[in-house]
Amino acid sequence: MTKSDQNATGKALDICIVTPTYNRLALLRKLHQSLLSQDDLEFTWIIVDDASEDRTKEWARKVATEAPFPIIILSNSHNFGKGRSLNRAFESQSSDLAIIVDSDDQLLPNAISSIRSRLHQIANLEEIGALFFSYVDVHGRTLGNPPNGRTVLTTRAAMDSEYGKYDGCVAYTSTAMKKYRYPEFANENYIAPTVIQLLMSPPLKMLFCNNTVGIAHYQADGLTKTGRHLRLKNPKGMMLYSTLNAEKGHGWLFKLKYRVTYWAYATSIKPSPNLESYSKPNYHRIERIAGRMLGRYWRYKARSNITS
């Protein structure tokens with residue numbers, strides 16, 4: 001073991017991959033094959049089965065006996081959603097880095113070694129709560145990179161408001177996992193994946209890396225296709241997401257967008273919610289009116305898409 005394979009305490013750097021999954025066994029098999037192809041097999045794979053009905057649990061138990069890396073299977077009693085599944089995974093282990101890989105994604109053969117190299121670079125930097133890596137689509141097109149192809153250390157809100165969003169792979173450090181969890185709301189099973197990244201900054205930042213580590217396979221029933229309808233069904237989580245962006249984002253236009261979307265999601269709650277329960281800033285009456293109009297339009301479009 002070399003010095004670079006250790007953290008400040010001399011302990012070997014542990015990496016785990018966390019995959020929440022629900023009824024996606026066929027895709028999970030492909031992800032499994034991409035993990036077997038890694039040039040670095042020193043990791044643990046944590047599968048959180050979110051009450052699947054397609055024999056995911058049975059398959060996972062079988063491959064766990066054959067895999068060249070440890071596989072931990074966590075099973076939810078009900079379909080709780082990705083946020084709660086990740087919370088459970090974070091609470092179950094003590095790795096130095098948890099790489100979130102969805103069941104419909106695949107990792108490139110050098111993904112773990114590339115991520116481990118970055119982890120070595122930041123091992124003693126307690127201000128970093130997460131690393132972010134790029135993906136390509138099935139046609140090999142990069143879904144995004146840091147500006148000018150350089151690695152950027154910043155917060156989630158600053159990155160989104162200044163440079164825009166792009167899809168990729170996030171990996172949380174032990175510093176973040178020890179302190180932060182996804183908020184859980186009754187009768188809701190979706191919350192924006194970046195909420196935990198917004199909650200942790202400040203004091204923690206993210207390192208947006210210029211490494212490409214995986215392939216995103218967008219599904220017809222996935223968030224990209226059904227996102228608005230899903231978000232409207234989970235308004236409290238989306239109100240929190242809007243609030244965090246309005247508070248922590250950069251630029252008045254970016255902040256205004258989320259001050260309005262707060263009220264767009266709030267229209268899905270009957271009776272109307274108490275603003276102070278979800279938000280600190282004082283919202284203007286015009287923002288409230290604009291948001292409610294936008295919410296009605298979203299619900300109309302969502303119904304039209306479902307029936308078409």
Side-chain angles (χ1 to χ4, degrees), residues 5 12-116 119 133 135-138 167-172 174 177 181-182 184 189-190 193 213-226:
D5 294 321
L13 294 173
D14 293 327
I15 290 177
C16 71
I17 297 170
V18 179
T19 303
T21 185
Y22 175 65
N23 286 347
R24 286 189 166 180
L25 178 54
L27 295 169
L28 205 60
R29 293 178 190 271
K30 294 180 180 179
L31 170 58
H32 174 240
Q33 288 301 312
S34 78
L35 298 184
L36 292 174
S37 300
Q38 292 301 303
D39 58 14
D40 179 346
L41 293 172
E42 295 295 321
F43 61 85
T44 298
W45 189 19
I46 301 176
I47 301 172
V48 188
D49 177 28
D50 199 16
S52 298
E53 301 168 341
D54 61 356
R55 300 186 64 80
T56 289
K57 189 189 305 181
E58 292 80 357
W59 173 84
R61 286 173 176 167
K62 180 179 183 299
V63 298
T65 65
E66 307 166 349
F69 43 79
I71 298 178
I72 297 173
I73 305 157
L74 303 177
S75 300
N76 292 341
S77 58
H78 298 86
N79 181 228
F80 291 129
K82 182 176 179 179
R84 294 190 192 194
S85 295
L86 290 178
N87 284 347
R88 186 173 181 194
F90 291 164
E91 291 161 1
S92 73
Q93 51 80 46
S94 56
S95 298
D96 295 286
L97 195 73
I99 308 166
I100 313 305
V101 182
D102 290 341
S103 54
D104 57 353
D105 296 333
Q106 296 171 29
L107 293 185
L108 299 177
N110 66 340
I112 300 301
S113 57
S114 296
I115 294 171
R116 189 184 300 278
L119 178 59
F133 300 90
Y135 272 168
V136 295
D137 65 14
V138 293
D167 204 359
C169 173
V170 63
Y172 292 102
S174 57
M177 288 187 287
R181 295 289 182 271
Y182 283 95
E184 300 178 5
N189 64 2
Y190 173 79
V213 301
I215 306 169
H217 292 258
Y218 296 116
Q219 303 301 304
D221 62 344
L223 181 60
T224 302
K225 299 293 185 181
T226 63

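For reference, positions follow the sequence shown, starting with 1. Remember, predicted model here, so these are calculated numbers, not experimental data.
In this structure the side chain of Leu97 never reaches within 4.5 angstrom of the side chain of Leu13, judged on heavy atoms. Looking only at side-chain heavy atoms (C-beta outward), Leu108 and Ile215 come within less than 4.5 Å of each other. Between Ser94 and Asp14, every side-chain heavy-atom pair lies at or beyond the 4.5 Å cut-off. By the 4.5 Å heavy-atom criterion applied to side chains, Ile17 and Ile112 are counted as neighbours. In this structure the side chain of Tyr182 never reaches within 4.5 angstrom of the side chain of Lys82, judged on heavy atoms. At least one side-chain heavy atom of Phe43 sits under 4.5 Å from a side-chain heavy atom of Gln38. Taking the side chain as every heavy atom from C-beta outward, Asp54 and Tyr22 never approach each other to under 4.5 Å. Residues Leu25 and Ser52 are not in side-chain contact: their nearest non-hydrogen atoms beyond the backbone lie 4.5 Å or more apart.
The heavy-atom pair separating Gly168 from Tyr135 by the smallest distance is O-CE1, 3.7 Å. When every heavy atom of Met177 is checked against every heavy atom of Tyr172, the shortest pair comes out as CE-O, 3.5 Å. Of all heavy-atom pairs spanning Cys16 and Gln93, the tightest one is SG-OE1, 3.6 Å. The heavy-atom pair separating His78 from Ala51 by the smallest distance is C-CB, 3.5 Å. Residue Ser75 comes nearest to Arg88 through the heavy atom pair O-NH1, 2.6 Å, listed as atom of the first residue, atom of the second, then distance.
Looking at Thr19, its side chain does come within 3.5 Å of a backbone N or O of Val101 through a donor-acceptor pair. A distance-only check finds a donor-acceptor pair linking the side chain of Arg116 to the backbone of Glu42 [under 3.5 Å]. In this structure a side-chain-to-backbone donor-acceptor pair under 3.5 Å is present from Asn23 to Glu53.
The CG atom of Leu28 lies 6.0 Å from the OG1 atom of Thr56; values are rounded to the nearest 0.5 Å. For the atom pair CG (Leu35) and NZ (Lys30), the distance works out to 14.5 Å, reported to the nearest 0.5 Å. For the atom pair CD1 of Ile115 and CD1 of Ile15, the computed distance is 7.0 Å after rounding to the nearest 0.5 Å. For the atom pair Leu107 CG and Leu31 CG, the distance stands at 6.5 Å (nearest 0.5 Å). Distance check, rounded to the nearest 0.5 Å: CG of Asp167 to CG of Asp105 gives 7.0 Å. Here the CG atom belonging to Asp49 is positioned 13.0 Å from the CZ atom belonging to Arg24, to the nearest 0.5 angstrom.
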Given side chain to side chain contact (heavy atoms under 4.5 Å, CB included), test Glu184 with Asn87 step by step and report yes or no. CA-CA 9 Å; Glu184 300 178 5; Asn87 284 347; 2.9 Å; yes
For a side chain to side chain contact (heavy atoms under 4.5 Å, CB included) check, start with the C-alpha distance between Thr44 and Phe69, then their side-chain angles and the critical distance, and finish with the verdict. CA-CA 6 Å; Thr44 298; Phe69 43 79; over 6 Å; no
Start with the C-alpha gap between Gln106 and Gln33, add the side-chain angles, then the distance that decides, and say whether side chain to side chain contact (heavy atoms under 4.5 Å, CB included) holds. CA-CA 8 Å; Gln106 296 171 29; Gln33 288 301 312; over 6 Å; no
Can you check side chain to side chain contact (heavy atoms under 4.5 Å, CB included) on Ser92 and Ile46, steps first, answer last? CA-CA 9 Å; Ser92 73; Ile46 301 176; 4.3 Å; yes
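We find that Asp50 and Arg84 are not joined by a salt bridge, their nearest charged nitrogen and carboxylate oxygen being 4.0 Å or further apart.
Note on ring orientation: taking the six-membered ring where Trp is involved, the planes of His32 and Trp45 are parallel (angle under 30°, cut-offs 30° and 60°).
Between Ser113 and Asp39, the side chains place a donor N or O and an acceptor N or O closer than 3.5 Å (distance only, hydrogens not considered).
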